[in-house]
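Lettering follows sequence order; numbering is per chain, from 1. Keep in mind the model is a prediction, meaning the values are calculated, not measured.
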Amino acid sequence: MNETSKSLNFIEQIVEEDLANGYGREDLRFRFPPEPNGYLHIGHASSICLNFGLGLRYNAPVNLRFDDTNPAKEEQEYVDAIKKDVEWLGFSWDTERYASDYFQQLYDWAIILIKEGKAYVDDQSSEEMADQKGTPTEPGTNSPNRNRSIEENLSLFDQMKRGEFGEGTHVLRAKIDMSSSNMLMRDPIMYRVLHKAHHRTNTDWCIYPMYDWTHGESDYIEQVSHSFCTLEFAMHRELYNWFLDQVYEPGKIRPKQREFARRNLSHTVVSKRKLLQLVEQGFVNGWDDPRMPTISGLRRRGYTPESIRNFVDTIGIAKRDNLIDVSLLEFTIREHLNKTTHRVMGVLNPLKLVITNYPEGQTEWLEAENSPEDEHAGSRQVPFSRELYIEQDDFKEEANKKFFRLKLGGEVRLKNGYIIKAESCTKDTDGNIVEVQCTYDPKSKSGSGTEESLRRVKGTLHWVSIAHAIKTEVRLYDRLFTDESPDTHKDKDFLEFINPDSLSIITGYVEPALKNAAIGDRFQFQRLGYFCVDPDSNDNLLVFNRTVGLRDSWAKIQDKK
RNA sequence: UGGCCCAUGGUGUAAUGGUAACACUCCGGUUUUUGGUACCGUCAUUCAAGGUUCGAGUCCUUGUGGGCCAACCA
């Protein structure tokens, strides 16, 4: 990681400035603080790479802290998935923390606040409190309970803790300023009553701290130096600092919150709430559905950690609203897979090709290069015979000069094999071409060095020998939404933009070398794209996911017509 | 009609008062036994108006546009 020539993003600059102003390098500490209420998505990858990247850059510890203050939404399943995803992306945390580890400390501090007259118990309804809250343009009014005695507050809060009150009946509020221009400073709630079991503390508590009261104090407990979050928390900073003021002791590290813009990806949604909706309402088959922008979905789709890190690095960190084109993500995965995958042949829309002058029953094993990008990748043998499958798109009875593929009377090379010439074709009663008959030039075998083998023909087709091919299931994915920014329409729900054709499942035929492919293995199906073996595969059936297609300039030429 | 934040090619990000650049996309071309890859090239950028300065994308003012803020969510 030689970053010397690379410019710093504004977050890195903040750290650099602190260092320049005397901040101790050894005092640097960061954290990645997910709430375990859903799976991590590509947007989180930015935050992960930012925080763990800072840790790597400064050799500083980075904690993985679960922000688990709401037992109503959080589950162990999510904790496990998050840990797996962070590790898979290639990062190691210093210590695994939970905000729930700090419930006792938070409670003790809350008692102090009450004793200092800085917090009070309110037993009004949420509606009443909302009314008193005012609006962004009008100040709020004080709660009638705002000036309860310290003794009464202590007693009430104790009763809350002991479970004597029902949910929604009592809260502990910080006494700050009901007329602040910042709504969050209008006596924010610190604790609410929740008679729910927590995934870690079980039923030890029935009062749970709110985000604002928890987050900054957790940073402080862990002595995190820089606490980076997304822009929607910018207004929370004032409160974050106010809460810190209440507990801060000189000499300790005082965490600093700064905000950056979350990354939006085109043609999808990057919000745990909306992704959960897609899962729960069955628009996708789970959080790791390959169409999901989740880390687990991308992993199953065939994305590599390297490509995601490279993507994140390319899109950078800033403060303005953004909508990153998914084509950039596709570029980074193609870039990595081009260099790392072996080339194989598979046919997705088969058209039977019969080589009429090739001996019946004969099989010949042709040598095929595994990767033109890697001279050490070696080669393999591919069976060739009289009856093959080629792609339906690769044959036309008649076509103009721009069509480099097979047409009647025309020649193409079969990749790694021979030059063939289409002689005739047969059709079914509906006029669909069902078979092509051709002849081959026995002297044109690839790599044989003969004059005929060196002849240049414009088109090269991939193919499989019908008798040797493995029948597989292939899942083709398209963008999940038809709109580039489905959740930013004020008058329309994002679900209205679901792409009904985001998944199509077809039967494909691949060369026998893939017989022993393992789950997760990635390949380039030549001329088609990158594919990986899905976990749904079993001994009887290989299932492939198309990670991404190859760039297709022929398709572009077609589109123009 | 309050507060906070933001504004650089189609997209994203740099330029830290001194020649506006990089990547992706788009378009065109060269090479090619993948219409892939690689390589070359074209088009295209500082929201507006004032001000400070020898010099402003950068600093100041005002406007305009966009985002966020009134969950016992995070």
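- Below the 3.5 angstrom threshold, one finds no donor paired with an acceptor across the side chain of A/Gln558 and the base of B/rG35.
- The base of B/rG35 sits within donor-acceptor range of the side chain of A/Arg405, with an N or O pair under 3.5 Å.
- Distances from the side chain of A/Asp552 to the nucleotides B/rC5, B/rG35, B/rG36 place B/rG35 closest.
- If you take atom P in B/rA74 and the same atom in B/rA38, they sit 47 Å apart, rounded to whole Å.
- Salt bridge annotation for A/Lys256-A/Asp18: present, with a cationic side-chain nitrogen under 4.0 angstrom from a carboxylate oxygen.
- Between the CG atom of A/Leu461 and the P atom of B/rU32 there is a distance of 18 Å, given to the nearest Å.
- Residue-level contact check: A/Phe403 touches the bases, meaning some heavy atom is under 4.0 Å from a base atom.
- When both distances must be under 3.5 Å, the Watson-Crick or G-U wobble mate of B/rC59 is B/rG51.
- Screening A/Glu222, A/Glu217, A/Arg65 for a side chain to side chain donor-acceptor pair (under 3.5 Å) involving A/Tyr102 leaves a single residue, A/Glu222.
- B/rU16 and B/rC73 are spaced 39 Å apart, taking the C1' atom of each and rounding to whole Å.
- Checking side-chain atoms of A/Arg334 against main-chain N and O of A/Val548 turns up no donor-acceptor pair under 3.5 Å.
- Below the 3.5 angstrom threshold, one finds no donor paired with an acceptor across the side chain of A/Arg527 and the base of B/rU34.
- Between A/Phe228 and A/Phe233 the shortest side-chain heavy-atom distance does not fall below 4.5 Å.
- Here the P atom of nucleotide B/rC72 and the CE atom of A/Met160 are 13 Å apart, to the nearest Å.
- Comparing B/rC72 with B/rC4, their C1' atoms are spaced 25 Å from each other, to the whole Å.
- Among the protein residues, A/Glu35 comes within range of the sugar-phosphate backbone only, with heavy atoms under 4.0 Å from sugar or phosphate atoms but none that close to a base.
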Stepwise side chain to side chain contact (heavy atoms under 4.5 Å, CB included) test for A/Arg527 and A/Asp394: CA-CA 11 Å; A/Arg527 299 211 303 137; A/Asp394 284 341; 2.3 Å; yes
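- Atom name C1', nucleotides B/rA44 and B/rA56: the rounded distance is 23 Å, in whole Å.
- Nearer the 5' end of RNA chain B, as judged by each residue's closest nucleotide, is the contact made by A/Asn338, out of A/Lys490 and A/Asn338.
- Where A/Asn416 and A/Lys319 meet RNA chain B, the nucleotide closest to each residue was compared, and A/Lys319 sits on the side nearer the 5' end.
- Nucleic acid contact for A/Ile317: sugar-phosphate only, since backbone atoms but no base atoms lie under 4.0 Å from a heavy atom of the residue.
- Rounded to whole Å, the separation between the P atoms of B/rC26 and B/rG10 comes to 16 Å.
- Here the separation of B/rG17 from B/rC60, taken at their P atoms, is 12 Å to the nearest Å.
- Ion pairing of A/Lys445 with A/Glu364 is present here, as a side-chain N (NZ or NE/NH1/NH2) and a carboxylate O approach within less than 4.0 Å.
- No hydrogens or angles were tested; on distance alone, nothing pairs the side chain of A/Ser327 with the base of B/rU25 as donor and acceptor under 3.5 Å.
- Nucleic acid contact class of A/Phe233 (heavy atoms, under 4.0 Å, all strands): base.
- B/rU62 and B/rG3 have their P atoms separated by 12 Å, given to the nearest Å.
- The gap from the C1' atom of B/rU52 to that of B/rU11 amounts to 34 Å, rounded to the nearest Å.
- Of the candidates B/rG67, B/rA70, B/rG12, B/rG67 carries the atom nearest the A/Asp321 side chain, counting heavy atoms from C-beta on.
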